[in-house]
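Beneath this line is the structure, given in structure tokens, with notes to follow.
Residue numbers start at 1 and run along the sequence shown.
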Amino acid sequence: MNALTTGIVSEILSDRELDVLRRVVIGNNDAEISFELGISSATVEAHRKHIRQKLGLHNDRGLMAYAQIGD
């Protein structure tokens, strides 16, 4: 089980933020994420920023490391 499947992260992040985080973890860039989710790249970046703020992280490397905890 990884951090994305734990109840704690699911309670902290919105469903859309979880969608974005899952795609960041597999290596999608903002353009790919925006296309897949039907949202603008600016919205993707806003979600990434909110995710980092909510989880107390400083960059996307931190996001990936956090999401992969327990793998």
Side-chain angles (χ1 to χ4, degrees):
M1 181 180 301
N2 65 31
L4 288 178
T5 60
T6 64
I8 296 168
V9 173
S10 296
E11 291 176 17
I12 294 171
L13 302 179
S14 70
D15 290 341
R16 183 59 86 182
E17 290 166 343
L18 285 169
D19 289 340
V20 170
L21 181 55
R22 286 184 185 105
R23 286 165 172 78
V24 168
V25 169
I26 62 170
N28 292 114
N29 62 38
D30 286 357
E32 294 166 327
I33 296 169
S34 68
F35 178 78
E36 290 176 9
L37 298 179
I39 58 178
S40 74
S41 291
T43 301
V44 173
E45 182 52 40
H47 284 309
R48 289 165 87 123
K49 178 182 175 185
H50 295 149
I51 293 165
R52 288 190 302 266
Q53 289 173 339
K54 288 180 178 182
L55 299 179
L57 304 169
H58 300 289
N59 55 42
D60 285 341
R61 285 186 193 172
L63 284 179
M64 292 179 71
Y66 188 92
Q68 294 173 350
I69 291 170
D71 276 357

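Separating the CD1 atom in Ile33 from the OG1 atom in Thr43 is a distance of 12.0 Å, to the nearest 0.5 Å. A distance of 11.5 Å separates CD1 in Ile51 from CD1 in Ile12, rounded to the nearest 0.5 Å.
Residues Arg23 and Leu37 have side chains in contact (heavy-atom distance under 4.5 Å, counting atoms from C-beta outward). Using a 4.5 Å heavy-atom threshold, the side chains of His47 and Ile39 count as touching.
By the side-chain hydrogen bond (donor to acceptor under 3.5 Å, both in side chains) test, Asp30 pairs with Arg48, sequence neighbours left out. Every residue was checked against the salt bridge (Lys or Arg N to Asp or Glu O under 4.0 Å) condition with Glu32, not counting sequence neighbours, and none meets it. Under the rule for a salt bridge (Lys or Arg N to Asp or Glu O under 4.0 Å), the partners of Arg52 that lie at least two apart in sequence or sit in another chain are Glu45, Asp60.
The minimum heavy-atom distance between Ser41 and Ser34, with the atom names listed, is OG-OG, 3.5 Å.
Within a 6.0 Å sphere centred on CG of Asp15, other residues, nucleotides and ligands contribute 12 heavy atoms or fewer.
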